[in-house]
Structure formats: structure tokens, C-alpha cells
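Everything below concerns the one structure shown next.
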Amino acid sequence: MNKTIYYYQYPFPIGRIMIACKDQAIIYCGRPILLENGIYENTECLKNIAKQIEEYFQKRRQSFDFHYIFLKGTAFQKKVWQAVMDIPYGQTRSYRDIAEKIGHPRAYRAVGSALRECPFSLLIPCHRVIGSSQKLGGYGNDIDVKIFLLQLEQADLVS
């Protein structure tokens with residue numbers, strides 16, 4: 001098993017996104033971070049995901065096809081992230097909906113915390129999770145990005 005981590009930064013309409021791969025699987029996709037022991041190289045794995053993201057922004061793709069490895073995250077967080085991956089393109093769910101889906105109906109605040117820690121922003125569509133009263137909130141305090149992504153998907157929103 002190759003232990004080398006490859007990463008590259010790509011410009012997208014929401015800003016620079018860093019993608020990192022290990023063993024042909026994604027380990028990170030989000031705002032650029034400092035990676036120790038990584039190699040800055042535009043590999044085929046990285047190019048494939050970047051192409052899929054570009055197609056998403058061009059409205060030619062509604063879901064992503066990738067292999068991922070969670071290098072961090074509790075069992076609860078991973079349940080949340082998996083449940084969020086099931087939200088269809090152009091639709092939203094509330095934090096409470098996600099909490100109920102994973103069998104923890106009163107843990108909707110913990111769902112929000114889990115989404116803040118998600119290592120795959122955009123690929124795991126955390127932007128599709130909103131408050132029960134249709135309040136957007138969250139998304140790592142980058143509400144403009146959340147609004148942009150929901151409008152891109154033409155999700156039904158209440159102002």
C-alpha cells in the first residue's frame with residue numbers, strides 16, 4: 001500500500017479547492033490546508049475528481065463517482081456524512097432530518113458539528129443541510145458559498 005499523499009489546488013467558482021489523494025482514493029476535498037509529507041502533483045486521481053467538480057459547476061453532473069478514505073472522524077460523524085451523501089441533488093434536508101435518519105433524533109446540533117468537520121466539502125453535500133425553519137446557517141461560516149451551491153442546484157429555498 002502506497003503511503004504517499006498527493007495534493008493539488010484547483011480554482012473553482014467558489015474559490016480555490018484543495019484535493020488530496022492516497023492510494024487512488026480521496027482523503028480530502030475543501031479549503032486549502034497545510035499538508036505535511038504530501039507531494040504537490042496533479043495526478044490522475046486528482047484530475048478525475050477536479051473534472052467531476054468542474055462538470056458539477058457546469059451543471060453537467062449531479063453526483064460524484066469517487067473512492068474515499070476517512071482518515072479522521074468518529075463513528076457518529078461518519079454516519080452523518082453517509083446520510084448527507086444520500087440527499088439528492090437540488091433537495092435539502094434539515095439537521096433534525098439527518099439526526100432522525102441516523103437514529104439520534106435529538107442530536108441535530110451534533111449533526112451540525114459533524115458537518116463542520118467533514119473532510120469532503122462539496123463531494124459530501126453538506127450545503128444541502130439547512131435548519132428546520134429553512135434557515136441556512138452553518139457551512140463553516142461561509143454562508144455565501146452555501147447559497148451559491150444551493151442556487152446552482154436550484155434547490156427550493158425560502159428567503
Side-chain angles (χ1 to χ4, degrees), residues 1-93 95 97-99 101-102 104 110-130 136 138-155:
M1 182 177 261
N2 184 0
K3 295 184 183 205
T4 306
I5 295 173
Y6 295 94
Y7 68 98
Y8 205 76
Q9 293 182 29
Y10 302 89
F12 291 111
I14 59 171
R16 294 193 77 70
I17 299 283
M18 186 174 100
I19 304 170
C21 285
K22 177 180 175 181
D23 296 321
Q24 298 302 308
I26 291 202
I27 61 169
Y28 180 81
C29 179
R31 296 282 183 217
I33 59 172
L34 181 61
L35 264 185
E36 295 180 20
N37 303 321
I39 298 174
Y40 189 73
E41 183 180 324
N42 198 6
T43 66
E44 287 305 312
C45 176
L46 297 170
K47 287 178 189 176
N48 176 42
I49 294 303
K51 180 179 182 243
Q52 289 185 46
I53 293 171
E54 188 61 41
E55 290 170 352
Y56 167 81
F57 283 117
Q58 295 169 352
K59 296 185 177 188
R60 296 184 327 176
R61 175 178 288 274
Q62 295 185 357
S63 63
F64 300 103
D65 178 25
F66 64 96
H67 298 286
Y68 56 89
I69 299 171
F70 288 116
L71 295 182
K72 67 175 193 166
T74 66
F76 178 84
Q77 288 172 327
K78 291 175 184 177
K79 278 184 182 179
V80 168
W81 300 335
Q82 187 61 51
V84 170
M85 288 174 65
D86 294 337
I87 302 172
Y89 180 93
Q91 294 184 24
T92 59
R93 299 290 183 273
Y95 296 96
D97 292 337
I98 300 301
K101 181 173 182 171
I102 64 170
H104 298 276
V111 167
S113 294
L115 295 179
R116 275 192 300 279
E117 298 297 319
C118 183
F120 301 104
S121 64
L122 188 61
L123 300 178
I124 294 179
C126 301
H127 61 278
R128 295 179 190 155
V129 183
I130 62 175
L136 296 183
Y139 212 66
N141 296 321
D142 204 346
I143 197 70
D144 292 338
V145 171
K146 186 171 193 163
I147 291 168
F148 177 87
L149 296 172
L150 290 170
Q151 288 176 339
L152 177 78
E153 296 182 11
Q154 298 176 333

Decide yes or no for [X] and [Y]: does some side-chain heavy atom of the first lie under 4.5 Å from some side-chain heavy atom of the second?
X: Y56; Y: L149; result: yes
X: I19; Y: I53; result: yes
X: P13; Y: F148; result: yes
X: K101; Y: I87; result: no
X: V84; Y: R128; result: no
X: Y7; Y: I33; result: no

For the residue pair [X] and [Y], what are the closest heavy atoms and their distance?
X: E153; Y: G90; result: OE1-N, 3.0 Å
X: T74; Y: Q77; result: N-OE1, 2.8 Å
X: K78; Y: G73; result: CE-O, 3.3 Å
X: C126; Y: L115; result: SG-CD2, 3.7 Å
X: P32; Y: M18; result: CA-CB, 3.8 Å

All ring-ring contact (aromatic ring centres under 6.0 Å, His included) counterparts of Y68, not counting sequence neighbours
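Only F66, F70, F120 meet the ring-ring contact (aromatic ring centres under 6.0 Å, His included) criterion with Y68.
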My understanding is that only residues two or more places apart in sequence, or in another chain, count here; which of them pass ring-ring contact (aromatic ring centres under 6.0 Å, His included) with F57?
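Only F12 meet the ring-ring contact (aromatic ring centres under 6.0 Å, His included) criterion with F57.
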Under the rule for side chain to side chain donor-acceptor pair (under 3.5 Å), what residues qualify as partners of D65, not counting sequence neighbours?
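Here no residue qualifies.
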List in chain and number order the residues that pass side chain to side chain contact (heavy atoms under 4.5 Å, CB included) with [X], two or more places apart in sequence or in another chain; answer none if no residue qualifies.
X: Q62; answer: Y89
X: E44; answer: K47
X: H104; answer: F76, K79, I102, A107

Under the 3.5 angstrom rule, does the side chain of [X] hit a backbone N or O of [Y] as a donor-acceptor pair?
X: K146; Y: V129; result: yes
X: W81; Y: E117; result: no
X: S121; Y: C29; result: yes

K72/Y28 under side chain to side chain contact (heavy atoms under 4.5 Å, CB included): CA gap, chis, key distance, verdict:
CA-CA 10 Å; K72 67 175 193 166; Y28 180 81; over 6 Å; no
Check step by step if side chain to side chain contact (heavy atoms under 4.5 Å, CB included) holds for K59 and Q154.
CA-CA 10 Å; K59 296 185 177 188; Q154 298 176 333; 3.8 Å; yes
